[in-house]
Amino acid sequence: MYDNNPTLVGIKKEIDETKQGQVFFQEKPANEAVEGGNGKHFYIESYGCAMNFSDSEIVASILSDVGYRPTRQLEMADLILVNTCSIREKAEETVRQRLNVFSKIKRRKPGTMVGVLGCMAERLKAKFLEEEKLVDLVIGPDAYRDLPNLVAGAEEGEKGINVLLSREETYADISPMRLDDNGVTAFISIMRGCDNMCSFCVVPFTRGRERSRDCFSIVSEARDLYERGYREVTLLGQNVDSYKWQNPENEEVVNFAQLLEMVALVHPDLRIRFSTSHPKDITDEVLHTMARYENICKYIHLPVQSGNSVVLERMNRTYDREWYMDRVRAIYRIIPECAISSDIIAGFCGEQEHEHQETVSMVDWANYSMSYMFFYSERPGTLAARKYPDDVPLEVKKRRLQEIVDKQSEVSLRHNKADLGKTFKVLIEGDSKKSNKDFKGRNSQNKMIIFPKIDGLKPGDYIWVKVTSVTSATLMGEVSFP
Ligand code: 5AD
Ligand code: SF4
């Protein structure tokens, strides 16, 4: 019934299953002579979180500087890259299957190079290069600048590897090549790595220590995007609330609330979103800043992981149920119209039935508009793998996950029904998936709204839409004025 993929209920913005492994681009026709190009093409597939997708845009920019051009056709690629994720076992399995496909292409077309990027690189470098001989290049998330060198070396038959993690690298000066491009919404990476040690999580090991990017480079990237017609940016980090950048010139420190304000001031028509917030770090200052600016979206992704304090302690989340509830109360007090979403793990080590029930009740109490729900998957090297037995049987994990999913479906439907008859300002992103007679767009709360097109409207426009019907995942409406 379930594999270990995220189960999604409600409106989703983050990278989900439908996008996993997506290849993207403004395609250049085969063999088109591109100014400054070296005639070679790269193909890139990305798995995992939005951060990984954003990294692929940095990689694309680095490769394009040395003459490589993107292609969507595997057969046309001289360099095949896969940007990998280690978060759950399933993600790693998927990548392995893809590498087998790529190695067949390599056999058919000798000279094609295959590279593994991202979170699996550090963990599995030896395996990929030595044992399985599937790949020519293995490059960790902090080593992308080295890619051109490694590619050149690999062309000479060397195995290229760089998985060094850095305490400084933020790629602040690299202007990402926008790949999965609707021309309206874009990601901006504001920090890298993670210093939290959630016991279930592999990220601190794959992405290294937390570091924040120069706030001025973030603002200028946002301004540049606005000037190129984009109308929404999502500020990305593993834990955005601990963003902290010290200006070397005057020693002044910029925190996340201040950064949010700086980006909000770029233009009132540029919407700001951010992800992910950590319940231990989200401050009232951030909430007040959100309330002050209309263009900062009223939506917070605030993963609870578990609704039980004892489990949270074992997860090393450094907050308990009460603390989390206090933060949720603060959000609804300061920003009454805010939507909150969550990440939830079912069946973590030692989880008892009554502890699980507290997670189910949290979904209801916090009134999440949606959640990403998973069952626990032990990751080698993590604190939990070393300290706690993975002792909840798989059928129990799946049953608990199903209970959480069912509760979230009910709550999402209730949340969406409360929007019936309301009119929202929507940013049009493009045609709806099902019909080119309809547009899709999001409201501030990150809910997707589908509505019939009317003349004169185009992606990137704001429009008022009245909600006329809902499901647990989507709102349907019609153009209206408040
Ligand atoms: N097993 C299951 N889910 C996990 N997540 C992180 N690590 C694991 C794991 N080992 C989930 C968390 C996190 C989201 C990105 O993935 O809910 O917030
Ligand atoms: Fe996957 Fe985590 Fe790496 Fe993102 S940071 S790609 S979710 S392991």
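The basis for the numbers below is simple: all heavy atoms, side chains too, and nothing from hydrogens, waters or symmetry mates. Remember, it's 1-based here, ligands and their atoms both numbered in the order they're listed.
The side chain to side chain contact (heavy atoms under 4.5 Å, CB included) test applied to R167 returns R209, not counting sequence neighbours. Not counting sequence neighbours, the partners of K425 by the side chain to side chain contact (heavy atoms under 4.5 Å, CB included) test are E294, Y462, W464.
Residues N83 and S56 bring a donor and an acceptor atom of their side chains to less than 3.5 Å of each other.
The shortest N/O to N/O separation between Q305 and ligand 1 falls below 3.5 Å. The N/O atoms of Y376, backbone and side chain alike, include none that comes under 3.5 Å of an N/O atom in ligand 1. Any N or O atom pair closer than 3.5 Å counts here, and R379 shares no such pair with ligand 1. By the 3.5 Å distance cut-off applied to N or O atoms, I344 is not counted among the residues near ligand 1.
Taking the charged nitrogens against the carboxylate oxygens, D142 and R192 do have a contact shorter than 4.0 Å, which makes a salt bridge.
Within the 4.0 Å heavy-atom criterion, both parts of F200, backbone and side chain, lie near ligand 1.
The closest approach between any non-hydrogen atom of Y372 and ligand 1 is not below 4.0 Å.
Taking every non-hydrogen atom of I345 and a distance limit under 4.0 Å, the qualifying atoms of ligand 1 come out as 3 (N), 4 (C), 5 (N), 12 (C), 17 (O).
With respect to R317, the side chain to side chain contact (heavy atoms under 4.5 Å, CB included) criterion is satisfied by exactly one of K280, H278, M197: H278. Tested against V311 for a side chain to side chain contact (heavy atoms under 4.5 Å, CB included), the candidates E358, E355, H356 yield a single pass: E355.
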